[in-house]
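A quick write-up on the structure given underneath.
Reminder, nothing fancy here: chain letters follow the sequence lines and each chain counts from 1.
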Amino acid sequence: MKKFTSIKDITDINELLTLAKNLKKKPFEFKSFGANKTLGLLFFNPSLRTRLSTQKAAMNLGMQVMVMNINADGWQMELEDGTVMNTGSQEHIKEAAAVISQYCDIIGIRTFASLRDKVGDYEEEVLNKFIKYALVPVISLESAILHPLQSFADLITIDAVKTKIKPKVVLTWAPHPKALPQAVANSFVEWMRNSNVDLVIANPEGFDLAPQFTAGVKVLHNQDEALMDADFVYAKNWSSYTDYGKIGMALEHWMITGEKMELTDNGKFMHCLPVRRNVVVSDGVIDSENSLVLQQANNRTYAAQAVLLKLLQDEK
Amino acid sequence: MKKFTSIKDITDINELLTLAKNLKKKPFEFKSFGANKTLGLLFFNPSLRTRLSTQKAAMNLGMQVMVMNINADGWQMELEDGTVMNTGSQEHIKEAAAVISQYCDIIGIRTFASLRDKVGDYEEEVLNKFIKYALVPVISLESAILHPLQSFADLITIDAVKTKIKPKVVLTWAPHPKALPQAVANSFVEWMRNSNVDLVIANPEGFDLAPQFTAGVKVLHNQDEALMDADFVYAKNWSSYTDYGKIGMALEHWMITGEKMELTDNGKFMHCLPVRRNVVVSDGVIDSENSLVLQQANNRTYAAQAVLLKLLQDEK
Amino acid sequence: MKKFTSIKDITDINELLTLAKNLKKKPFEFKSFGANKTLGLLFFNPSLRTRLSTQKAAMNLGMQVMVMNINADGWQMELEDGTVMNTGSQEHIKEAAAVISQYCDIIGIRTFASLRDKVGDYEEEVLNKFIKYALVPVISLESAILHPLQSFADLITIDAVKTKIKPKVVLTWAPHPKALPQAVANSFVEWMRNSNVDLVIANPEGFDLAPQFTAGVKVLHNQDEALMDADFVYAKNWSSYTDYGKIGMALEHWMITGEKMELTDNGKFMHCLPVRRNVVVSDGVIDSENSLVLQQANNRTYAAQAVLLKLLQDEK
């Protein structure tokens, strides 16, 4: 593995899953493995779980970590080639990525979708330019259209909790007052399609995800129908892909409530957090015993740790 | 000890004081004790001494440290239960506290008083909600109404410097251009009342501290009378508790000057820092040999280290 | 060595250069040397290379590092003596420097020129006041008028690349849309004058550097003439020293282009970064094989590591 930006970077998902499960049991077993290795974490956007869990994962491996809020701590970055940089931007991503590579053995980078430039977002402009100019392996800490560490943690969670060989997993759109990226949803679909689950997506009309992610997956515009007999209900808001970046109005009835969970087969509730309570999900559901949100957050550490360990091993 | 938010969390103050004194002599003696343990430091508010001394204390014990400016780095936090979170706040403290607990063995949290909501401040709303939902021990790095690590460092300082069995300690209000919390003053009173000192509080009328802290303590509105024969003069501004959060006007004569120190018995000057020179205290006094402000700051490390070590020991 | 703020703090440049070259070959050879030692990095201004390379250097030596954006994380600092601090500033540099010294074995500090107060800048007011009150060795991470870690890295770079005993090194002014400090230029001149190179400075009229730095150095106002047969071309913008802090208009023709590089003797291109492409230097030049900018950035680690190691050794 030379980078980790999508499930496509992984040769053997089951091997990585087994590694993560073993690390969860013995987090410090590879403590000497990261000696003299440095992880640089670059945040273009806010982060709590990713920031802390990835640091923790690296420290569990004995790595050193340097964290940088790149806009606040450093210089405004130029992405375009050939620009005459005589206005705002102060440093080209070409230099930034190559320079940071000199100080780090692995670089993690978080960057959100613009939600204005659909083509740029879906081409992963920032992430891919960074990777192009970086000299060391790069890990996505959430990019414009994918959040692979989250999805891997979600897979670890479902794997640990499931009681059926092929559980029914429903990814359902949920309301939100602000326009959010499609990254978590796209990524979850990508990982679930490669797992032994029965995946159904539920979203309002006009909120279908990008077809390159959902081709072949059952998509329903009726949430109740989708939730029927579900084993896992993954709620998440995303803004429109078609009418790019737009939010839905008067769709409050898509909130996950206790009543809706009763349609499921004693379904477990999942969300990547942060979550707006009583907008995305009712207090009753997220506070219930069937809520897996804390387990998901906990598994972020072992997802990141497995990925970092794999990158360190493959580097040798 | 399961948390450290007040002197009330300590079973045996003398034992903790002895521990701190020993750590000051041999700071690295317990270096292996914190191996594979992680301290998370969460700042809702600015910090210099607390930020650096608590990091240093944890590293002296071999712990790993993750520091986060929670508002700037993460998400805006919701404190109220049952809120429909469809406006500003992005993450409920319920999730935040539980999630961060997954990545840390001990969490330190700094949060200031609102100085608007007296009831909420004095109920320690933020700190207590965080503790309620946290799954690991929590240390206060200053809360709305208390600053126990500062007071413990003050105790260590007085203990090291005192030449009498029961010294006279005067806590005096001092002028300040902005409204400040009562936390340092409340906390100092709490710790001194439990120590073998003769405690006197001096403040202008209208600036009496909350009665639950001062009941039974001599409070004088005449600063000169209070300073008479003092061994230690602890200067600190606080805004009004009665007229909550208001600052005093035309009270410049409460500044600690060389003339006032002459009323004392060669008294030592103390302040928690940061201090506004020539407003709270004259240059002459803070720069004199009798000033203990740097010793106080130095003892912050050993106060924090003793508390962290005790928490780690009691966890086992 | 008790501090590192200028080449003047170094007794033997060749010894330090040799140390840096050895550390580059074996970065972890002195890993046990920094055990239980803490480096505090204080940033008054943005930083990418310095922030990461100095952390990396310290970790290579086994030191612990605490990083603080002093304005954002802490308190607004007062520099003047005797001020009645009843308006903006919250903490005097006297306390801040002494207090931070209690938690660190070495302190690094970055502070930029005001570009308004020429006298204050050239007296290194902030840095020198900090050093005056600090109780441990201080490293400049760029000060108002000097950037010694950058210049030392530049020396390491030239030393590694040069093919002549006494290469011709041209420091040339280059255009920039904003007013920049003279620190990198002053510092480069200081280090090159103490090295075995033929130094020439090229800048437009009105942009001569401070005479205390350039006395005896050839200064040309004709860039083409200066570049003739150069082995190294170091481009850097600086605002006017004479008309202090002013930027030059209509001087775009001072940009370094491929055409200009053809005047040199297959000259290498250098810049400290961040650089504004196609303003300071054309894409063609910085992207060419003759560009040393990444090597310069890489050598920042070993420059810092040599300085830290020397300070630790001399402390013993």
Going by residue number, which parts of [range] are within reach of chain C, meaning a heavy-atom gap below 4.5 Å?
| range | result |
| --- | --- |
| residues 84-102 of chain A | A:V84, A:M85, A:N86, A:T87, A:G88, A:S89, A:Q90, A:E91, A:H92, A:K94, A:E95, A:A98, A:V99, A:I100, A:Q102 |
| residues 35-43 of chain A | A:N36, A:T38 |
| residues 122-141 of chain A | none |

Exercise. Using non-hydrogen atoms only, which part of A:M66 is less than 4.5 Å away from chain C: side chain, backbone, both, or neither?
Worked result: both
Exercise. Is it the side chain or the backbone of C:N69 that comes within 4.5 Å of chain A heavy atoms, both, or neither?
Worked result: side chain
Exercise. Would you say the side chain of C:R277 lies within less than 4.5 Å of the side chain of A:E78, judging by non-hydrogen atoms?
Worked result: no
For this session: Measure across A:G74 and C:P46 and return the closest heavy-atom pair with its distance rounded to 0.1 Å.
Result: O-CB, 3.4 Å
Problem set entry | chain A contacts, top residue of C:V275, C:T301, C:V67 (heavy-atom pairs, under 4.5 Å) | C:V275
Seminar exercise, completed: Taking a cut-off of under 4.5 angstrom between non-hydrogen atoms, the residues of residues 281-289 of chain C near chain A are C:D283, C:I286, C:D287
Exercise. Sub-3.5 Å donor-acceptor pair from the side chain of A:Y103 to the main-chain atoms of C:T54, do we have one?
Worked result: no
Exercise. Taking everything shown except A:Q313 itself, do over 12 heavy atoms lie less than 6.0 Å from its CD?
Worked result: yes
